Asks: 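Sharing a structure here in C-alpha cells format.
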Amino acid sequence: MSSSTPPRPLALALARALALLPLGLSACNGGSAKRNIQGTGPRAAPKLDPVKPQARREFEAALRALRLGGPEAPETARARFEAAVEIDGKLWEGWHDLGVLRAQDGDDDGAVAAFEKALAVNPAHAPTRLARAESLRRLGKVKDARADYEATLRETADDDPMRRDAAARLASLLRDAGNFDDAIDVLRDTLRVSGANSRVYTELCLIYMAQNREELAVLVIGRAIELDAKDPAVYNALALLYLRQGKAQEAFDRFDHATSLDPTYIDARFNKASVLLDAGDYTRAKQELETLLTKAPEDWAAQVSLGVAWRGLKDNAAAKKKFELVIDKAPRRSRARGDALWNLAVLKSDFLDDNAGAKGDLERFLQDAGTSHPKRQAAEQKRKELGI
C-alpha cells in the first residue's frame with residue numbers, strides 16, 4: 001500500500017545543509033565604522049556605508065528572536081528582517097536571512113527575490129548564490145539553478161568546503177536530468193582540485209546507481225564511509241543501494257542509523273517510513289512521518305505518505321483529510337499533488353464506496369499530473385473500471 005513516492009537520495013534543507021542562519025552583523029562597529037562585509041572567493045566584496053542604526057536594531061532583534069526560539073520565532077524574525085531592509089535596502093545580511101526564512105516556509109519565489117537583493121549588494125557572498133540555486137531548483141528553473149551552482153564553483157576557493165557542496169548539488173541536478181557524464185566530470189574535477197570528500201563520493205554512488213553500475217557504487221560509498229563515518233547522508237545512500245539489491249532489512253538498518261546520527265535528517269526518516277509502509281508496519285511508519293512533519297510541515301510527499309499510513313490503520317477520515325490537504329496546498333503540477341489525487345481516488349473507490357467521488361479525483365489527476373507520473377497508466381485503467 002505504498003504512496004508511490006520515490007526514495008530521497010540527498011537532503012536539500014537550506015538552513016541545515018548550508019549553515020546560513022544567522023549571519024549577524026559582527027563586522028559592524030557602530031554608526032561611523034566601515035563595513036567589512038564577507039566574500040568567500042575571488043570576486044571582490046564591495047565597500048559599503050555603515051548600517052543605519054534603526055535598521056541595525058531591527059536586524060539584531062530578528063537574530064535575538066531566532067536565538068530565543070519558540071513557535072513564533074520565525075514569524076517574528078521575518079517581520080524584523082523585513083523592517084530592517086525597508087529602512088536600509090543595502091543591508092544584504094538582512095536580505096539573505098530573509099531569503100532563508102522564506103525558503104524554509106516554502107516561499108521559494110519570495111526567497112529568490114530576497115537572495116537577488118542580497119547579491120545585488122554583495123555578489124561575493126557564495127552562500128547566498130548557493131541558496132538561490134536551491135530555491136530556483138525547487139521552482140523547476142533548472143537552467144538558472146545550474147548557472148548559480150557553476151558560478152559558485154568558479155567563485156569559491158579550491159579548499160573551501162562550500163565548493164565541494166556546490167559540486168555535489170550541481171552533480172545531483174545533472175543526475176536528475178540524466179546527464180550522468182557531465183555530473184561525473186564535475187565530481188572528478190572537484191576531487192582533483194579540492195581533495196577527497198565524503199559528500200562527493202556519496203553523490204558518485206547515487207550516479208553509479210542510476211547507471212546500474214552497482215560495483216562502482218559499492219566502491220565509492222565505502223570510500224565515503226572511510227572519510228566521514230558520521231555523515232547521515234552516506235548511510236542514506238548506502239541504504240538506497242541495499243534497497244536496489246533487494247536487501248530491505250539492511251536498508252532499514254542504515255536509514256535507522258542515519259536518523260540516529262542526526263534526528264533532524266528528514267530524508268533518511270522519510271525513506272525509513274517508506275520501508276515501513278511497504279512492509280505494512282503502518283503504526284511505526286506513522287510515527288516516523290509525524291516526527292518528520294514536526295520539522296517540515298510543508299513536506300507534501302511526507303503528508304501523502306502519512307495519509308497512506310492512516311489508510312493502512314483503517315482511519316479513512318484521517319487519510320482523506322491528509323490527501324485533501326496536499327491537493328489544496330501543494331503546487332498544482334507537483335508530484336506530491338498527483339500522488340495525493342491518486343491515493344484519494346483509491347481511498348474513495350476501494351475503501352469508502354464512493355465511486356462518483358473517485359471518478360472526479362481521477363479526472364483531476366489525469367488533467368493535472370504529468371504524463372511521466374508513475375500512476376498515470378494505473379489511473380487510466382481504473383477510470384475504465386469505474387466506467388468513466
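FYI, side chains are in, hydrogens and waters are out, and symmetry mates aren't considered; it's all heavy atoms of this structure. This structure is a prediction, so every number in the text was calculated from the model and none was measured.
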Asks: Is a side-chain N or O of D88 found less than 3.5 angstrom from the main chain of K52, in a donor-acceptor match?
Replies: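 Flag set: sc D88 to bb K52 pair under 3.5 Å.
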
Asks: Take D253 and Q249 through the side chain to side chain donor-acceptor pair (under 3.5 Å) test and state the conclusion after the steps.
Replies: CA-CA 6 Å; D253 291 343; Q249 184 58 52; 2.9 Å; yes

Asks: With sequence neighbours excluded, tell me which residues meet side-chain hydrogen bond (donor to acceptor under 3.5 Å, both in side chains) with R337.
Replies: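 Applying side-chain hydrogen bond (donor to acceptor under 3.5 Å, both in side chains) to R337 gives D368.
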
Asks: Out of curiosity, R311 CZ to D350 CG, how far, rounded to the nearest 0.5 Å?
Replies: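 Spacing of CZ (R311) from CG (D350) equals 8.0 Å.
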
Asks: May I ask you to test the L243-V275 pair for a side-chain heavy-atom distance under 4.5 Å?
Replies: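 A side-chain contact exists here, since the closest heavy-atom pair is under 4.5 Å.
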
Asks: Are any of the side-chain heavy atoms of D148 and L130 separated by less than 4.5 Å?
Replies: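 Heavy-atom side-chain distance check fails, nothing below 4.5 Å.
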
Asks: Between L91 and F59, what is the shortest heavy-atom contact and its length?
Replies: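 Taking L91 first and F59 second, the nearest heavy atoms are CD2-CD1, 4.0 Å.
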
Asks: Look at the side chain of D354 and the backbone N and O of G357, then say whether any donor-acceptor pair between them is shorter than 3.5 Å.
Replies: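 Such a contact is found between D354 side chain and G357 backbone.
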
Asks: Applying side-chain hydrogen bond (donor to acceptor under 3.5 Å, both in side chains), name anything that partners T259, two or more places apart in sequence or on another chain.
Replies: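 Not a single residue meets the side-chain hydrogen bond (donor to acceptor under 3.5 Å, both in side chains) criterion with T259.
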
Asks: Show me the pairs that pass salt bridge (Lys or Arg N to Asp or Glu O under 4.0 Å) and involve residues 206-234, at least two apart or across chains.
Replies: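 Qualifying pairs, neighbours excluded: R223-E226.
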
Asks: Is there a side-chain contact between L341 and F323 in this structure, where contact means two heavy atoms from C-beta onward sitting under 4.5 Å apart?
Replies: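 Result no, sub-4.5 Å side-chain heavy-atom pair not found.
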
Asks: Among all residues two or more places apart in sequence or in another chain, which pass the side chain to side chain contact (heavy atoms under 4.5 Å, CB included) test with N197?
Replies: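 Scan of N197 (side chain to side chain contact (heavy atoms under 4.5 Å, CB included), adjacent residues dropped) gives R164, R199, V200.
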
Asks: Enumerate the residue pairs fulfilling ring-ring contact (aromatic ring centres under 6.0 Å, His included) with a member in residues 212-249, sequence neighbours excluded, ordered by first and then second residue.
Replies: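 The answer is Y235-H257.
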
Asks: Quick one: do E82 and R78 make a salt bridge, cutoff under 4.0 Å?
Replies: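 Looking at R78 together with E82, the answer is no, because their closest N to O distance does not fall below 4.0 Å.
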
Asks: What is the minimum heavy-atom distance between L101 and P74, and which atoms define it?
Replies: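 Between these two residues, the closest heavy atoms are CD1-O, 4.0 Å.
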
Asks: Taking only residues two or more places apart in sequence or in another chain, which ones pass side-chain hydrogen bond (donor to acceptor under 3.5 Å, both in side chains) with D281?
Replies: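 Scan of D281 (side-chain hydrogen bond (donor to acceptor under 3.5 Å, both in side chains), adjacent residues dropped) gives R284.
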
Asks: Does the T190 side chain pair with the main chain of V186, one donor and one acceptor, at a distance under 3.5 Å?
Replies: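 The answer is yes, because a donor-acceptor pair under 3.5 Å joins these two groups.
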
Asks: Looking at residues at least two apart in the chain, or sitting in another chain, which of them share a side-chain hydrogen bond (donor to acceptor under 3.5 Å, both in side chains) with D158?
Replies: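 With sequence neighbours excluded, D158 shows a side-chain hydrogen bond (donor to acceptor under 3.5 Å, both in side chains) to no residue whatsoever.
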
Asks: Just verifying a value: how many Å separate T128 OG1 and W92 CH2, rounded to the nearest 0.5 Å?
Replies: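 Reported to 0.5 Å precision, the distance equals 5.5 Å.
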
Asks: Applying salt bridge (Lys or Arg N to Asp or Glu O under 4.0 Å) as the test, list every pair that has at least one member in residues 316-326; sequence neighbours left out.
Replies: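 Only K320-E324 qualify under salt bridge (Lys or Arg N to Asp or Glu O under 4.0 Å).
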
Asks: Measuring from atom CG of N212 to atom CZ of R244, what distance do you get when rounded to the nearest 0.5 angstrom?
Replies: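 Reported value, rounded in 0.5 Å steps: 5.0 Å.
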
Asks: Looking at D176 and R137, is any side-chain nitrogen of the basic one under 4.0 Å from a carboxylate oxygen of the acidic one?
Replies: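 Salt bridge between R137 and D176, a charged N being under 4.0 Å from a carboxylate O: yes.
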
Asks: If the condition is side chain to side chain contact (heavy atoms under 4.5 Å, CB included), which residues does D181 pass it with, not counting sequence neighbours?
Replies: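 With sequence neighbours excluded, D181 shows a side chain to side chain contact (heavy atoms under 4.5 Å, CB included) to Q211, given in chain and number order.
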
Asks: Identify whether I207 and I225 are in the same connected component of the hydrophobic contact network (ILVMFWY, side-chain heavy atoms under 4.5 Å).
Replies: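 No; tracing contacts between hydrophobic side chains, which count when under 4.5 Å, never links both residues.
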
Asks: Looking at OG of S135 and CG of D107, how far apart are the two atoms once the value is rounded to the nearest 0.5 Å?
Replies: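 It is 8.5 Å, given to the nearest 0.5 Å.
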
Asks: Roughly how far apart are R254 CZ and K272 NZ, rounded to 0.5 Å?
Replies: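 Result: 13.5 Å between the selected atoms.
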
Asks: If you draw a 6.0 Å radius around CD in Q245, do more than 12 non-hydrogen atoms from other residues or ligands fall strictly inside?
Replies: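 Atom CD in Q245 is packed in, count exceeds 12.
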
Asks: Could you check if a side-chain atom of S334 sits within less than 4.5 angstrom of a side-chain atom of W300, using non-hydrogen atoms only?
Replies: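 Not in contact.
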
Asks: Does any part of the side chain of L289, heavy atoms only, come nearer than 4.5 Å to the side chain of K286, both counted from C-beta?
Replies: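 SC-SC contact between K286 and L289 ruled out.
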
Asks: Quick one: does R269's side chain have a donor or acceptor within less than 3.5 Å of a partner on P263's backbone?
Replies: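 It does hold such a pair.
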
Asks: Between R132 and D144, is there a side-chain heavy-atom distance shorter than 4.5 Å?
Replies: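 No. Closest side-chain heavy atoms not under 4.5 Å.
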
Asks: Could you walk me through whether K348 and D361 pass the salt bridge (Lys or Arg N to Asp or Glu O under 4.0 Å) check?
Replies: CA-CA 9 Å; K348 289 179 179 179; D361 295 326; 3.0 Å; yes

Asks: How long is the gap from CZ on R376 to CD on E380, to the nearest 0.5 Å?
Replies: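 That separation rounds to 5.5 Å.
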
Asks: Before you tell me yes or no, could you show the steps for N122 and H96 under side chain to side chain donor-acceptor pair (under 3.5 Å), namely the whole-Å CA-CA distance, both residues' side-chain angles and the distance that decides it to 0.1 Å?
Replies: CA-CA 10 Å; N122 182 13; H96 172 95; over 6 Å; no

Asks: Suppose we screen for side chain to side chain contact (heavy atoms under 4.5 Å, CB included). Which residues come up paired with E58, at least two apart in sequence or across chains?
Replies: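 Here the qualifying residues are Q54, R80, A83, A84, I87.
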
Asks: Can you tell if the side chain of K141 reaches within under 4.5 Å of the side chain of V112, non-hydrogen atoms only?
Replies: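 In short, these two side chains do not touch, never coming nearer than 4.5 Å.
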
Asks: Spell out, as yes or no, whether a donor-acceptor pair under 3.5 Å connects the side chain of D160 to the backbone of T156.
Replies: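 Looks like no, no N/O pair under 3.5 Å.
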
Asks: Using 30° and 60° as the class limits, which term best fits the ring planes of F365 and W342: parallel, tilted or perpendicular?
Replies: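 It falls in the tilted class, 30° to 60°.
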
Asks: Can L191 be reached from L170 by stepping across I, L, V, M, F, W or Y side chains whose heavy atoms are under 4.5 Å apart?
Replies: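 No.
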
Asks: Does K117 have any side chain to side chain contact (heavy atoms under 4.5 Å, CB included) partners at least two apart in sequence or in another chain, and if so, which?
Replies: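 Side chain to side chain contact (heavy atoms under 4.5 Å, CB included) check on K117 returns W95.
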
Asks: Sort and list the pairs that fulfil ring-ring contact (aromatic ring centres under 6.0 Å, His included) and have at least one residue in residues 174-203, not counting sequence neighbours.
Replies: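 Sorted pair list comes back empty.
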
Asks: Which atom names give the shortest non-hydrogen contact between A114 and R102, and what distance separates them?
Replies: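 Nearest heavy atoms, A114 then R102: CB-NH1, 3.8 Å.
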
Asks: Would L68 and L66 show up in the same hydrophobic cluster when neighbours are defined by side-chain heavy atoms closer than 4.5 Å?
Replies: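 No; L66 is not reachable from L68 via cluster members.
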
Asks: R335 versus P374: any side-chain heavy-atom pair under 4.5 Å?
Replies: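 Yes. Closest side-chain heavy atoms under 4.5 Å.
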
Asks: List the steps and the verdict of salt bridge (Lys or Arg N to Asp or Glu O under 4.0 Å) for R64 and E60.
Replies: CA-CA 6 Å; R64 187 161 53 250; E60 290 178 345; 5.7 Å; no

Asks: Please name the residue in the list R129, R169, E134 that meets the side-chain hydrogen bond (donor to acceptor under 3.5 Å, both in side chains) test with Y149.
Replies: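 Running side-chain hydrogen bond (donor to acceptor under 3.5 Å, both in side chains) over R129, R169, E134 with Y149 returns exactly one hit, E134.
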
